[in-house]
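To start, the structure itself, in structure tokens.
When a ligand or atom number is given, it counts from 1 through the structure's own listing order. Keep in mind that what you see is a predicted model, and the values were worked out from it rather than measured. Heavy-atom basis, side chains included; hydrogens, waters and symmetry copies ignored.
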Amino acid sequence: MKPIIPVYFHDDQLLFHPPYEWDKRGYVPHPESPERPKAILKVLNQFPDEFKVSSPETQPEDLAHQVHVSHLLRLYNIAETLEEDAFFFPTFFPKNHQTNVDPENLNNTGFYCFDTSTPLGKHTYTSALWSAATATKAAQCVLSKESKLSYALTRPPGHHADKNYFGGYCYLNNAAIAASLLSEHGSVAIVDIDYHHGDGIQSIFYYDCRVLTTSVHADPTNRFPYFSGFASEIGLGAGEGFNLNVPLPYETTGESFLNALTTIIIPKVNTFNPDFLIIAAGFDTYKDDPLCDFKLETDDYTKIGNVLGQLDLPTVVVQEGGYFLPALGDNVKALLCGIRDKQNK
Ligand code: Q9C
Ligand code: ZN
């Protein structure tokens with residue numbers, strides 16, 4: 001009998017619905033929509049013998065404060081005073097070294113944000129806090145040994161959100177919040193398999209040797225987030241040697257992706273010998289993803305899951321990117337079942 005995989009999601013994660021983003025092509029419909037978690041749940045709910053969906057009951061404001069500065073969270077509070085359909089898009093990004101910029105003034109949003117793809121709205125903070133709550137719940141689930149594997153259907157995603165600022169569709173760093181909780185009970189390895197470098201996760205733990213951060217992603221030279229994700233970034237101070245980046249060429253196939261995972265990431269994780277594993281799981285590496293150009297197929301997520309499942313660690317899967325809705329649910333299911341099938345063997 002296969003163990004049931006706990007899945008966490010809260011309906012108020014659907015409240016936030018940014019209308020568009022401003023990118024190189026101009027205004028485009030926002031790809032990070034509430035339709036994403038709906039597409040995932042639609043598939044997972046078809047398999048009640050394999051997945052059990054439940055909701056978190058409390059918002060992890062204390063944990064959010066452990067990972068993010070209070071001014072950033074205050075700014076999200078202020079955005080709650082916006083009208084229902086009003087969104088604040090920062091367009092001015094100061095380059096000076098001012099600190100304590102007034103977060104009570106939404107015109108200062110650019111100080112706390114790095115791109116024009118990540119607007120603030122009335123429901124941003126509510127949805128982001130419930131999103132982080134699912135990651136917290138999923139972490140508590142493996143901590144209590146209720147299950148060896150759990151899945152947080154985090155949306156909005158989190159891996160680009162840093163301690164002091166947000167961007168890349170991310171507001172609260174859900175994986176970092178889960179890691180912050182778990183690291184009080186043991187060492188934590190994070191493996192980020194999203195197409196984009198997990199710059200927020202890297203930055204938050206850059207000086208930390210209790211949390212090993214690894215990311216396999218598209219070469220940032222000509223891809224978001226552009227300014228980080230290179231192999232030369234290995235951590236600093238006590239954290240030196242505890243960050244690993246594996247940038248891959250554009251149009252990377254499943255075979256090459258798996259090769260990078262098994263020959264570079266897995267040996268590093270094995271050497272670190274963590275107590276817990278967090279997978280920042282983006283599916284924008286899929287062949288039909290509208291934003292990205294990797295060539296992974298659904299079966300590749302099963303294989304990635306198998307490789308990560310063989311680590312046989314208490315594992316929290318945290319949802320990140322993935323924008324091709326017709327295959328998103330199948331890909332999530334493939335990864336989760338791939339992990340489950342190799343654990344406890
Ligand atoms: N219109 C995540 O996958 N914008 N974030 C690039 C595309 C930023 C992706 C322009 C992409 C951020 C969680
Ligand atoms: Zn991504």
Side-chain angles (χ1 to χ4, degrees), residues 13 16 18-37 39-40 89-91 93 113-119 124 127-128 131-132 134-135 152-162 165-178 190-204 214-229 245-248 250 252 257 278-296 301 304 317-325 327-328 331-332 335:
Q13 291 174 248
F16 177 53
Y20 52 81
E21 67 167 319
W22 172 256
D23 77 354
K24 288 172 183 161
R25 294 167 293 163
Y27 285 109
V28 296
H30 209 296
E32 204 294 286
S33 77
E35 300 309 313
R36 299 179 59 248
I40 294 169
F89 280 79
T91 53
F93 303 89
C113 180
F114 63 77
D115 69 5
T116 55
S117 293
T118 318
T124 308
S127 291
S131 184
T134 69
L153 209 184
T154 44
R155 179 279 159 180
H159 74 150
H160 297 304
D162 210 323
Y165 48 86
F166 65 100
Y169 316 157
C170 302
Y171 301 89
L172 296 175
N173 200 311
N174 306 307
I177 285 170
I190 305 180
V191 176
D192 188 322
I193 57 170
D194 189 276
Y195 176 89
H196 306 97
H197 174 233
D199 50 354
I201 296 174
Q202 165 175 309
S203 173
I204 288 163
T214 72
S215 180
V216 47
H217 47 260
D219 180 355
T221 308
N222 295 303
R223 292 292 186 277
F224 186 92
Y226 304 105
F227 300 101
S228 71
N245 285 326
V246 184
L248 297 177
Y250 311 128
T252 283
F257 191 96
I278 296 174
I279 302 168
F283 299 86
D284 37 12
T285 49
Y286 186 63
K287 61 178 163 60
D288 295 321
D289 195 273
L291 269 51
C292 307
D293 59 12
F294 279 6
K295 305 285 181 207
L296 275 65
Y301 298 105
I304 292 169
V317 177
V318 176
Q319 179 64 43
E320 300 289 355
Y323 308 97
F324 184 71
L325 272 45
L328 187 54
N331 293 341
V332 170
L335 180 77

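- When non-hydrogen atoms are compared, ligand 1 lies under 4.0 Å from neither the backbone nor the side chain of Glu32.
- Minimum heavy-atom separation, Cys113 to Phe93: O-CD2, 3.2 Å.
- Atoms of ligand 1 lying under 4.0 Å from at least one heavy atom of Arg25, given by number and element, are 1 (N).
- Of all the atoms in ligand 1, the ones that sit under 4.0 Å from a non-hydrogen atom of Asp284 are 3 (O).
- We find the CG-CZ distance between Asp289 and Phe324 to be 9.0 Å, quoted to the nearest 0.5 Å.
- In this structure, Phe114 has its ring center no closer than 6.0 Å to that of His160.
- Scanning all protein heavy atoms for the shortest distance to atom 2 (C) of ligand 1 gives Tyr323 OH, 2.9 Å.
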His197 vs Ser228, test: side chain to side chain donor-acceptor pair (under 3.5 Å). Steps then yes/no. CA-CA 7 Å; His197 174 233; Ser228 71; 3.0 Å; yes
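- Residue Glu320 does not count as close to the Zn ion (ligand 2), with no N, O or S atom under 2.8 Å.
- The Zn ion (ligand 2) does not have His159 among its coordinating residues (no N/O/S atom, backbone or side chain, under 2.8 Å).
- Listed here is the closest heavy atom pair of Phe283 and Leu328: CB-CD1, 3.8 Å.
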For Thr285 and Tyr301, what are the C-alpha separation, side-chain angles and deciding distance, and is it a side chain to side chain donor-acceptor pair (under 3.5 Å)? CA-CA 10 Å; Thr285 49; Tyr301 298 105; 2.7 Å; yes
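- Within the 4.0 Å heavy-atom criterion, neither part of Val28 lies near ligand 1.
- In terms of protein heavy atoms, atom 4 (N) of ligand 1 is closest to Tyr169 OH, 3.6 Å.
- Between His196 and the choices Phe224, Tyr169, Tyr226, the ring pair (Phe, Tyr, Trp, His ring centres under 6.0 Å) rule is met once, by Phe224.
- For ligand 1 and Asp194, the ligand atoms under 4.0 Å from any heavy atom of the residue are 3 (O).
- Considering backbone and side-chain atoms together, Gly168 places an N or O closer than 3.5 Å to an N or O of ligand 1.
- At least one heavy atom of His159 lies less than 4.0 angstrom from ligand 1.
- Among all protein heavy atoms, the one lying closest to atom 10 (C) of ligand 1 is Asp23 OD2, 3.7 Å.
- Contacts between Asp115 and ligand 1 below 4.0 angstrom, taking non-hydrogen atoms only, are absent altogether.
- In Glu21, the part holding a heavy atom less than 4.0 Å from any atom of ligand 1 is the side chain.
- In this structure, Asp162 CG and Ile204 CD1 are separated by 5.5 Å, a value rounded to the nearest 0.5 Å.
- For the pair OD2 of Asp284 and ND1 of His196, the angle whose vertex sits at the Zn ion (ligand 2) is 100° to 10 degrees.
- Nearest N/O/S atom of Asp194 relative to the Zn ion (ligand 2): this is OD1.
- The CZ atom of Phe166 lies 10.5 Å from the CG atom of Leu172; values are rounded to the nearest 0.5 Å.
- Using a 4.5 Å cut-off on side-chain heavy atoms (C-beta onward), Leu325 and Arg36 make contact.
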